[in-house]
*Asks:* 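Below you'll find the structure I mean.
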Amino acid sequence: MGQLVVFDAPEVRQRLGLDEARAAMREAMIALSDGRVRQNLRSFIGLGEGRTFAIMPAALGERAAFGAKLVSVFGDGAGRKSHEGLVVLFDGETGVPVCVADAGAVTEIRTPAASAAATDALARPEADSLAVLGLGRQALGHIAALARVRPLASVRVWGRDAARAQAFAERAARETGLPVRAVAEAERAVADAAIVCTVTGAADPILKGAWVAPGAHVNLVGSSGPAHAEADDALVANSRFIVDHREHVLAHGGEFLRARSRGLIGDSHIAAEIGEVFAGTKAGRTSNDQITVYKSLGHAVQDLAVTAALHAQAMTTETGQ
């Protein structure tokens with residue numbers, strides 16, 4: 001066995017920049033959509049109420065790196081959840097494990113980077129106002145990542161705990177230099193926002209389609225299983241619905257599955273995968289007043305792509321090339 005490189009959470013955060021991660025997400029999602037990536041549906045083992053162990057395997061190509069993310073998703077009962085685990089990367093030629101990275105830190109960076117790439121492709125060019133529903137690590141990451149692709153002049157945040165929302169807004173403003181303001185109601189946060197992100201652990205909708213302004217772009221990020229939905233049926237049914245991966249959303253996309261079960265949409269309502277939009281094989285936004293939705297479930301290919309980038313960076317530094 002060769003040298004196994006290990007990246008703990010602080011090192012992942014130090015080495016992995018948002019722009020590098022966003023570029024890796026574009027390429028990974030194109031490869032997922034065009035069939036170069038091999039990826040199975042994630043599997044879950046329930047560990048009791050609000051506690052799940054997930055296994056997410058993928059191969060980046062025929063003889064390319066492969067591996068899996070092993071992750072625990074534990075909720076605190078108050079709409080918040082944490083992801084902890086490992087990403088394990090194997091060499092595609094030798095089959096030897098070459099890298100292990102902290103999955104929590106990888107997810108913390110690659111998820112907002114993927115949303116930023118989707119937002120860059122789907123939001124109107126002049127979009128400059130952002131609403132974030134949720135107050136966890138993903139909320140801060142999304143503010144920072146989206147500011148890299150749109151000139152944000154206004155950021156409003158909402159959470160169930162008003163005091164925590166205020167503290168979060170103050171911290172986000174300090175760390176990003178953006179005008180971030182906490183609001184007491186989700187509807188007020190979303191009103192007239194050009195970009196909306198949901199990054200909660202909510203089991204039932206906290207975002208209504210009636211609140212979303214014409215021409216807005218929405219990233220649905222927080223729910224990753226079929227039983228949870230952050231947005232209501234109206235938003236799903238009345239939007240151009242873009243997904244990270246069709247097969248996974250048909251199996252695990254809670255918002256889509258709820259709307260379909262009520263007869264409001266069919267499978268053809270999925271307009272495109274985001275990789276197809278990135279590659280130019282399918283259209284993203286088709287009109288200025290259209291509401292676009294990007295449904296993000298998160299995928300092993302994303303974790304492996306950024307972990308492979310970290311490993312390549314480390315090998316380059318070691319050899320001095």
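Small disclaimer: the values here were computed from a predicted structure and weren't measured.
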*Asks:* With sequence neighbours excluded, tell me which residues meet side-chain contact (heavy atoms from CB on, under 4.5 Å) with Ala279.
*Replies:* Ile30, Thr281
*Asks:* Can you sort out the partners of Phe44 under ring-ring contact (aromatic ring centres under 6.0 Å, His included), two or more places apart, ordered by chain and number?
*Replies:* His252
*Asks:* Excluding sequence neighbours, so at least two apart, what forms side-chain contact (heavy atoms from CB on, under 4.5 Å) with Ala283?
*Replies:* Arg240, Thr286
*Asks:* Could you tell me which residues satisfy ring-ring contact (aromatic ring centres under 6.0 Å, His included) with Phe256, sequence neighbours excluded, listed by chain and number?
*Replies:* Phe241
*Asks:* Sorted by first residue and then second, give each salt bridge (Lys or Arg N to Asp or Glu O under 4.0 Å) pair with at least one member in residues 17-29; sequence neighbours left out.
*Replies:* Asp19-Arg22, Asp19-Arg148
*Asks:* Under 3.5 Å, which donor-acceptor pairs link side chains of residues 174-197 to any protein atom two or more places apart or in another chain?
*Replies:*
from	atom 1	to	atom 2	distance (Å)
Glu175	OE2	Arg171	NE	2.9
Thr176	OG1	Ala172	O	2.6
Thr176	OG1	Leu178	N	3.2

*Asks:* Filter on salt bridge (Lys or Arg N to Asp or Glu O under 4.0 Å), then keep only pairs touching residues 106-119, sequence neighbours left out; what's left?
*Replies:* Arg13-Glu108, Glu108-Arg137, Arg110-Asp303
*Asks:* Considering residues at least two apart in sequence or located in another chain, which fulfil the salt bridge (Lys or Arg N to Asp or Glu O under 4.0 Å) criterion with Arg42?
*Replies:* none
*Asks:* Please list, chain by chain and in numerical order, all residues satisfying side-chain hydrogen bond (donor to acceptor under 3.5 Å, both in side chains) with Ser33, sequence neighbours excluded.
*Replies:* Glu273
*Asks:* For Phe66, what residues pass the ring-ring contact (aromatic ring centres under 6.0 Å, His included) criterion, not counting sequence neighbours?
*Replies:* Phe90
*Asks:* Taking salt bridge (Lys or Arg N to Asp or Glu O under 4.0 Å) as the definition, give me every residue that meets it alongside Lys208, ordered by chain and number, with sequence neighbours left out.
*Replies:* none
*Asks:* Under 4.0 Å between a Lys/Arg side-chain N and an Asp/Glu carboxylate O for Glu62 and Arg36?
*Replies:* no
*Asks:* For residues 93-100, dump all side-chain donor-acceptor pairs below 3.5 Å to protein atoms at least two apart in sequence or in another chain.
*Replies:*
from	atom 1	to	atom 2	distance (Å)
Glu93	OE1	Arg63	NE	3.4
Glu93	OE1	Arg63	NH2	2.9
Glu93	OE2	Arg63	NE	3.3
Thr94	OG1	Asp91	OD2	3.2
Thr94	OG1	Val96	N	3.2

